[in-house]
Amino acid sequence: MWKEATFGNRRVLEREWRGCLTLLSASPYHESSMSNSSIPIKKEDLSNSGPRVRFAPSPTGFLHVGSARTFIFNWLYARRNAGTMVLRLDDTDVERNTDASVQSIFEGLKWLDLRWDEEYKQSERLTLHQKTAWEIFEKGMAYRDFTPAHTGEVEKSGTQGTWLFNPGVRELSRDESDRRAAAGEPFALRFRVPRDTGEEVRFSDAVYGEQRKLAEDIEDFALLRSDGMPTYHLASCADDIDLRITHVIRGQDHLTNTFKHVLIFEAAGGKTPQFAHLPLLVAPDGTKLSKRRHGPIVSVTTYRDAGFLPEAFINFLCLLGWSPKNDREQMSLEELKELFSLEGINRANAVINFKEPASTPEEMFDPKAVWLNAEHIRALPIEELSARLLPVVQQAGYPIDAAQMLKITPLVRERIQLTRDVLTVADFLLVNQLPPYDPAELVPQKGDAAMAKRVLEKARSVLATTEFKHDPLDQVLRAAAQELGIKAGQMFQPIRVAVCGRKNAPPLFETLEVLGREKTLVRIEQAIGKL
RNA sequence: GGCGCUAUCGUCUAGGGGUUAGGACGGAAGAUUCUCAAUCUUCAAACCCGGGUUCGAUUCCCGGUAGCGCUACCA
């Protein structure tokens, strides 16, 4: 049933009898570093009788946060219901699709680390689409439109604005239509939408409920372009039928398109899937997210690079337009998988509350996303968090090993919101030489430079012999404060600044323990020199 | 313009014919350990407008308004 074929430089498998079910071999699913690198090429699993859902991005840019959410909801639905997740690249728009975009989408999905079960590329299934279109034509439910392609935008600038069909062209006789086609005259194939019959197109949406629309309000949309390429509507439906998609979960911007799709499903004799439309993600100004207007904040990789944990990002996206209805906010992937249901999906658009003119990188994100990320960071076991922080620190150029990272991690865990924050919170533990700081910082509350100097000199002498562990350090330094006749805080602050280069830092004893005697004494010495 | 969808604190949301309209983020104030963070407590903050149905509507219905979407040989 399966044979190898070659499309471009990609090795693919195709179904012999139709040549339309094409599976790719190059995707993050396979590249995944997870386990064995030679995962067999995926095939349609006919033994799984659960729901089949698909994520169908069109590769015209990077992976958008809205698309990511759609992917996540589909994935959650499939996993929740023991179904199958299909990834389909809807790349029928040759003009706008780029390979870089395909890579970029894979890059985003790879970070999310949610796997799909089957993968298809629409441009390799053109024969199926065309076959479907011509079947509809043969049934008399589509017609050739020989009108030259027009620039649609101009057309609708007129005040009546309503284009439904070009009068006359629908009524062209089959004979004449065939003759002109045979003569090589270019044409688009259009769906013959029922007119003047009072017919209603209806479907039931899992989120928006019963939907109905007068057929005569639907325009005669194109199925095939004059170059023979299928349009999105046709390709999407033909593929959904062929791939036996049972649930179409997608953005609400397709809600009105669905009436056309129902028409195609019925004309093609396919089973109409269950639809569930998702409320759109919009910018704080209420407009649709766009890269041009809103910048990198709409790209998934921006979140990755800023230090979001994928599970926190997923958690955040899930909360936009969906609710478990039990006041839960922070949820693990497992919990999401258990709690997710289409009933919990909201109907109103959700604002993703980022700062329009991105001030500091940290402030540009939706505060809730940042908070959730911090929650997920704190929920991680130390070893796990340490393992995630290590590459961040290493990529920043610090020659640190896993053992050192594990010691530093407890000090930063409650002080970072994004993983990248480790670089600013633990900076003094990563460098040999502290960056310059203001000596005035060394002066304790209600004290003066002389007191700072006495504190540091005292510290220098006691720390030379004390064991560098939390409890002994605690004891010795408190005793020292008493000897000097000052408060513990007045004792700790100059040391903290001497060692960390700033006033706000992790607790002192733990810090000294991690830093070690040698560096501590050097830094105290340097601080004394500044006074 | 036509068609469709939506409307609860600043934001994400719960709720639903009678509630002090709940939670979370963010904001403010306070408690707390050596600073910071974390944690805890408290406070401010919402049912778009107008009709109708009803003993009673934020909730149900209609209208308005606003926002969004579709209206391409884009997806």
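Scope of the values below: all heavy atoms of this structure, side chains included, with no hydrogens, waters or symmetry mates. Proteins come first, then strands; the chains are lettered A, B, ... in the order of their sequence lines, and each starts at number 1.
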Is any N or O donor-acceptor pair between the side chain of A:Asn257 and the base of B:A75 shorter than 3.5 Å? yes
For B:C48, the nucleotide meeting Watson-Crick or G-U wobble distances (both under 3.5 Å) is B:G64
key: Under 3.5 Å donor-acceptor pair, A:Arg347 side-chain atoms to B:C5 base atoms   = no
Sequence neighbours left out, cut at 3.5 Å: what donor-acceptor pairs do the side chains of residues 417-427 of chain A make with other protein atoms?
residue	atom	partner	partner atom	Å
A:Thr419	OG1	A:Gly307	O	3.3
A:Asp421	OD2	A:Gln417	N	2.9
A:Asp421	OD2	A:Leu418	N	2.9
A:Thr424	OG1	A:Asp421	O	3.0
A:Asp427	OD1	A:Arg502	NH2	2.2
A:Asp427	OD2	A:Arg502	NH2	3.1

Which of B:C34, B:C5, B:C12 is nearest the side chain of A:Leu508? It is B:C34
Looking only at B:C73, B:U6, B:C25, the nucleotide nearest the A:Ala188 side chain is B:C73
Those residues at least two apart in sequence (or on a different chain) that pass ring pair (Phe, Tyr, Trp, His ring centres under 6.0 Å) with A:Phe316 are none
Below 4.0 angstrom from OP1 or OP2 of B:C34, is there any side-chain N or O of A:Arg478?
yes
Ranking B:U71, B:U6, B:A75 by distance to the side chain of A:Glu219, first place goes to B:U71
Donor-acceptor pair (no angle test) under 3.5 Å: A:Glu329 side chain, B:G23 base:
yes
Q) Is any side-chain N of the basic residue among A:Glu335 and A:Arg328 closer than 4.0 Å to the acidic one's carboxylate O? A) yes
Whether the side chain of A:Lys325 and the base of B:A14 hold a donor-acceptor pair under 3.5 Å is what I'd like checked.
no
Notebook entry, point to check: Between B:U71 and A:Thr256, is there an OP1 or OP2 to side-chain N/O distance shorter than 4.0 Å?
Noted result: no
Closest to the 5' end of RNA chain B, once A:Leu255 and A:Phe187 are matched to their nearest nucleotides, is A:Leu255
Q) Are the side chain of A:Arg180 and the backbone N or O of A:Pro186 linked by a donor-acceptor pair below 3.5 Å? A) no
